[in-house]
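Structure first, commentary second.
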2 protein chains.
Amino acid sequence: MQSVKKRTYSRITREATELLGKLIRLGRKERKMTESELAGRAGISRATLQKIERGDLTCEIGLFLEVAVLVGVKLFDADSSQVVLMHIGRINDKLALLPQRVRPSVKVDDNF
Amino acid sequence: MQSVKKRTYSRITREATELLGKLIRLGRKERKMTESELAGRAGISRATLQKIERGDLTCEIGLFLEVAVLVGVKLFDADSSQVVLMHIGRINDKLALLPQRVRPSVKVDDNF
DNA sequence: ACATTGTGGCTAGTATAACGGTCATTAAAT
DNA sequence: ATTTAATGACCGTTATACTAGCCACAATGT
């Protein structure tokens, strides 16, 4: 009974993960795969797959996305996934333009 | 030197995570926050934030998305995130329509 | 030029995720 | 109705993610 992990997540984070889990479960059933089958293909245990489909926030993002890919879930969005992925080049450019280090001279504006 | 974890990830998974990490780093710098600041706000260590921005696949999805939300990264896509999130209701419906258990009578079609 | 400090990388310790196995329940097929 | 097996849940073990702290380097501001 020592040091119970006390982590808080925003509503957006919780809903997004829950959604992704449901999309995975939906994709799996549409393809008529059992939990064991999908877990086997993904190289994970059935217990972990159950956590993922349940939307457990503590699962590794790699496992989460890997399972999603296996059941045909389009990452990031329905039909613009490729567009988003292609943006990775432009993001590199934008990163290169920014100063390599951040030095907050004043104060960071808390816009929440 | 026993049992080195040997995990493989699809290219899509790797690129998606890498992209998300870069988006986070971009968002952080655009808001002129230091790694320590963002890590502090997210309630994680700086080392973990560095792993996230690097696109490390072994990070918890909850931490990954939480940091993304903090720096204003729109989850799933640029401007249709809310649409996707609203679809959660319809997904529940679709799940309810499917049989509650999958019994593969024939063989699962390997469409890869 | 100098001082400041953000960043990358490393370590050991600790919390915990993932695994493999088991069991009860119950939907699905006969 | 009976049989089969997919699912949900639990547990002990093992692997590892996260943490706190440190150092070296170098970009930024003066």
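The sequence lines fix the lettering, A, B, ..., with proteins before strands; numbering per chain opens at 1.
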**Report entry** Distance in angstrom units between B:L49 CG and C:dG9 P, rounded
**Finding:** 14 Å
Requested in this report: Please tell me if the side chains of B:T17 and B:F64 come closer than 4.5 Å, counting only heavy atoms from C-beta onward.
Outcome: yes
Query raised in the report: Angle, rounded to 10°, between the helical axes spanning five pairs at each terminus of the helix from C:dA1-D:dT30 to C:dT30-D:dA1?
Result: 80°
Report summary line: Considering only heavy side-chain atoms of B:E35, the closest of D:dA20, D:dT7, C:dT7 is C:dT7
Query raised in the report: Any donor-acceptor pair under 3.5 Å linking the side chain of B:R7 with the backbone of A:G43?
Result: yes
Query raised in the report: At under 4.0 Å, does any side-chain N or O of A:R7 touch on OP1 or OP2 of D:dA17?
Result: no
Query raised in the report: Below 3.5 Å, does any donor atom in the side chain of A:R46 face an acceptor in the base of D:dG8, or the other way round?
Result: yes
Query raised in the report: Is the side chain of A:T48 donor-acceptor paired with the backbone N or O of A:I44 at a distance under 3.5 Å, no angle test?
Result: no
**Report entry** Nearest-angstrom distance from the residue atom CG of A:L38 to P of D:dT7
**Finding:** 10 Å
Query - Among C:dT7, D:dA17, D:dC18, the one nearest B:L63 by side-chain distance - result: D:dC18
Query raised in the report: Whole Å only: how far is the CD atom of A:E53 from the C1' atom of C:dA18?
Result: 16 Å
Query raised in the report: Separation of B:E60 atom CD from D:dC18 atom P, in whole Å?
Result: 5 Å
Query raised in the report: Just how far, in rounded Å, is C1' of D:dA27 from NZ of B:K29?
Result: 10 Å
Report task. With heavy atoms under 4.0 Å as the rule, sort A:G62 into base, sugar-phosphate or nothing. Result -> nothing
Query raised in the report: Is the distance from OP1 or OP2 of C:dT16 to the nearest side-chain N or O of A:T58 less than 4.0 Å?
Result: no
Report task. Report the C-alpha separation of B:E37 and B:R28 in whole Å, then their side-chain angles, then the decisive distance to 0.1 Å, and conclude whether the salt bridge (Lys or Arg N to Asp or Glu O under 4.0 Å) test is met. Result -> CA-CA 10 Å; B:E37 283 177 0; B:R28 175 177 64 81; over 6 Å; no
Report task. Round to a whole Å and report the spacing from CD of B:E66 to C1' of D:dC18. Result -> 16 Å
Query raised in the report: Can a side chain N or O of B:R54 be found less than 4.0 Å away from OP1 or OP2 on C:dT7?
Result: no
Requested in this report: Is it possible for you to check whether B:R11 lies under 6.0 Å from the centre of the six-membered ring of B:Y9, through NZ or CZ, and within 45° of that ring's axis?
Outcome: no
Report task. Return the value, rounded to whole Å, for the distance between atom CE of A:M33 and atom P of D:dA6. Result -> 12 Å
Query raised in the report: Any side-chain heavy-atom pair from B:L20 and A:I61 closer than 4.5 angstrom?
Result: yes
Requested in this report: Round to a whole Å and report the spacing from CD1 of B:I44 to P of D:dC18.
Outcome: 8 Å
Query raised in the report: Checking only heavy atoms, does the side chain of B:Q50 share a donor-acceptor pair with the base of C:dG8 at less than 3.5 Å?
Result: yes
**Report entry** Polar side-chain atom of A:E66 near backbone of B:S10 as donor-acceptor pair, under 3.5 Å
**Finding:** yes
